[in-house]
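Working notes, beginning with the structure itself.
When a ligand or atom number is given, it counts from 1 through the structure's own listing order. Computation of the quantities below employed the complete heavy-atom set of this structure, encompassing side-chain atoms and omitting hydrogens, waters and symmetry-equivalent molecules.
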Amino acid sequence: MNIPFLEFSAIHAGLAPEFDEAWRQISSSGRFIDGDFVRRFELEWAEYCGTDFAVGVASGTAALQLGLAALGICAGDEVIVPANTFFATIEAVLSVGATPVFIDVDPSTLLMTAAGVEGAITKRTAAVIVVHLYGQPANIDEIEKVSRAAGLAIIEDAAQAQGATWRGRKAGSLSDLGCFSFYPGKNLGAFGDAGAVTTDDSQIAERIRSLRNHGRSQHDPGRHDYVGGNHRLDELQAAVLSVKLRYLDAWNARRQRIANSYRSLLSELPVDLLEVAPGACSNNHLYVIQSDHRDYLRDQLHVRGIGTGIHYPIPCHRQPALSATKTPPLPVVERAARRILSLPMGPHLSKSDSIRVAKAISNIFNVGQRVTRDEYAAGSQ
Ligand SMILES: *Cc1c(COP(=O)(O)O)cnc(C)c1O
């Protein structure tokens with residue numbers, strides 16, 4: 001019995017009648033772009049996040065790119081970003097002609113900090129992208145203090161943080177705008193690529209609605225107010241997202257139980273766990289541990305049928321594509337890149353799966369059977 005890193009079939013099988021009904025409606029309506037399913041999902045997503053507006057777009061990358069463009073970030077501007085993020089965060093900055101300025105992260109959470117932001121502010125800094133990595137919101141209150149004092153725009157990269165909260169408020173509602181990805185592997189995932197921008201600012205929402213659709217005027221589709229592109233969310237993806245959104249909280253609760261189980265079982269073992277800061281409620285998108293023997297651990301878990309991932313093996317500032325960018329060493333991110341390992345995580349897992357993973361790690365490090373047979377039996381029930 002293998003434990004895959006990610007698995008969708010069981011979850012989707014139960015929802016098949018709801019998907020089928022949506023396909024039928026879309027097929028018979030003949031409307032595949034810019035129709036009722038997109039509008040409905042936008043309303044649902046804004047309500048879920050606690051924002052006034054949500055604008056559906058083609059991907060999380062598009063959400064970041066259009067979000068930066070809508071805020072007027074452009075060539076000559078610097079945008080502060082953590083070096084520990086998915087590469088798309090950086091691509092978005094470069095796509096509007098701005099310069100990413102990389103900062104290091106907190107060793108206990110691997111998230112960016114207010115002190116890091118403050119140290120990177122220059123006369124040219126225009127914005128900061130706060131990445132809620134692995135599903136844990138960064139301390140946005142402190143980041144907001146130093147950023148607002150310097151007049152910066154604040155964007156959340158909440159691609160991994162659907163449903164996560166900071167002091168009771170949802171990720172994506174904590175700044176000028178929130179950028180979401182609904183890539184299939186995210187906690188809320190489409191059947192392909194999809195994304196959204198959330199905001200309370202009606203002008204920003206309108207601009208993104210226009211930018212996602214070739215800069216068209218809302219009132220006169222023959223008129224192009226901006227140079228945008230084709231970054232639209234389509235009806236099929238929006239319908240999938242509306243169906244799956246109804247289960248997001250239940251799935252996140254299952255992830256929390258797995259995370260709790262991992263935490264209690266692994267705290268005995270010679271691996272380092274990430275901390276969850278007071279005020280942060282993670283959606284447990286990824287469960288990341290650290291070990292000096294990461295590659296050995298990963299190989300040995302693979303041999304035992306347990307899938308893992310590394311998020312991310314090369315820090316963004318070290319990527320070959322950015323070799324022209326001169327960034328000083330960022331020791332925390334660089335050390336973490338050699339030590340991090342993402343364990344299986346998702347609503348497809350049971351508590352007994354998490355016990356099996358912990359037992360495997362215990363065996364690999366040869367620290368004896370810390371997980372007793374009784375605990376195993378209790379978890380399997
Ligand atoms: C997934 C992800 C993105 C990009 O989203 P896509 O939908 O794949 O374009 C951006 N930032 C982070 C942190 C992500 O995890």
Side-chain angles (χ1 to χ4, degrees), residues 5-6 41 45 54-69 79-96 100 102-103 105 109-112 127-138 140 143 154-164 171-172 174-175 177-198 208 211-212 229-234 236-238 240-241 244 255 274 282-288 309-317 319 321-322 333 336-337 340 342 345-346:
F5 180 65
L6 261 182
F41 176 69
W45 189 244
V55 183
V57 294
S59 66
T61 309
L64 287 160
Q65 196 177 318
L66 300 189
L68 287 162
V79 178
I80 297 171
V81 288
N84 187 26
T85 181
F86 181 55
F87 195 59
T89 317
I90 315 310
E91 285 177 312
V93 174
L94 291 163
S95 77
V96 298
F102 295 101
I103 61 171
V105 294
T109 59
L110 301 184
L111 297 174
M112 67 198 292
V128 50
I129 301 184
V130 180
V131 183
H132 303 313
L133 198 70
Y134 309 144
Q136 178 177 182
I140 193 124
I143 293 172
I154 306 173
I155 296 171
E156 290 162 270
D157 181 339
Q160 301 187 359
Q162 298 96 343
L174 307 165
S175 63
L177 51 88
C179 299
F180 288 94
S181 164
F182 304 114
Y183 176 80
K186 308 289 160 127
N187 289 32
L188 178 63
F191 284 1
D193 283 310
V197 179
T198 47
I208 292 170
L211 286 170
R212 73 173 172 188
N230 179 355
H231 303 290
R232 296 177 300 239
L233 176 67
D234 68 65
L236 288 166
Q237 300 305 338
V240 168
L241 291 168
K244 291 181 72 177
R255 287 172 181 268
L274 295 183
S282 174
N283 72 356
N284 297 291
H285 173 60
L286 293 170
Y287 195 89
V288 174
I310 299 174
H311 302 89
Y312 295 90
I314 305 176
C316 289
H317 67 295
Q319 290 292 352
L322 303 179
V333 173
I340 45 180
S342 307
M345 172 51 81

Protein residue, atom and distance nearest to [atom], heavy-atom basis:
{"atom": "atom 9 (O) of ligand 1", "answer": "Thr61 OG1, 2.5 Å"}
{"atom": "atom 11 (N) of ligand 1", "answer": "Asp157 OD2, 2.8 Å"}
{"atom": "atom 8 (O) of ligand 1", "answer": "Ser181 OG, 4.0 Å"}

Exercise. Compute the minimum heavy-atom distance from Thr85 to ligand 1 and say whether it is under 4.0 Å.
Key: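 Thr85 counts as a contact of ligand 1 under the 4.0 Å cut-off.
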Quiz prompt | Test item, Lys186 contacting ligand 1 (heavy atom, 4.0 angstrom) | solution =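 Yes, that is the case, since the closest heavy atom of the residue is under 4.0 Å from the ligand.
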At a 4.0 Å threshold, what atoms of ligand 1 neighbour a non-hydrogen atom of [X]?
{"X": "Ser59", "result": "7 (O), 9 (O)"}
{"X": "Thr89", "result": "11 (N)"}
{"X": "Gly60", "result": "5 (O), 6 (P), 7 (O), 9 (O)"}
{"X": "Ala159", "result": "2 (C), 3 (C), 10 (C), 11 (N), 12 (C), 14 (C), 15 (O)"}

Exercise. Indicate the ring-plane relationship of Tyr312 and Phe86, choosing parallel, tilted or perpendicular according to the 30° and 60° boundaries.
Key: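 Because their plane-to-plane angle lies in the 30° to 60° range, the rings of Tyr312 and Phe86 count as tilted.
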Exercise. Take Val81 and Phe102 through the test side chain to side chain contact (heavy atoms under 4.5 Å, CB included) and record every step on the way to the result.
Key: CA-CA 5 Å; Val81 288; Phe102 295 101; 3.7 Å; yes
Quiz prompt | Verdict with reasoning, Ile155 to Leu177, per side chain to side chain contact (heavy atoms under 4.5 Å, CB included) | solution = CA-CA 5 Å; Ile155 296 171; Leu177 51 88; 3.7 Å; yes
Looking at [X] and [Y], what are the two nearest heavy atoms and their distance?
{"X": "Thr61", "Y": "Glu91", "result": "CG2-OE1, 4.4 Å"}
{"X": "Gln160", "Y": "Lys186", "result": "CG-NZ, 4.4 Å"}
{"X": "His285", "Y": "Gly185", "result": "CE1-O, 3.2 Å"}

Quiz prompt | Under 3.5 Å: N/O of Gln160 near N/O of ligand 1 | solution =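 Right, the criterion is met.
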Practice problem: Would you sort out whether Ile340 and Leu110 count as a side chain to side chain contact (heavy atoms under 4.5 Å, CB included), showing the intermediate values? | Solution: CA-CA 10 Å; Ile340 45 180; Leu110 301 184; 3.7 Å; yes
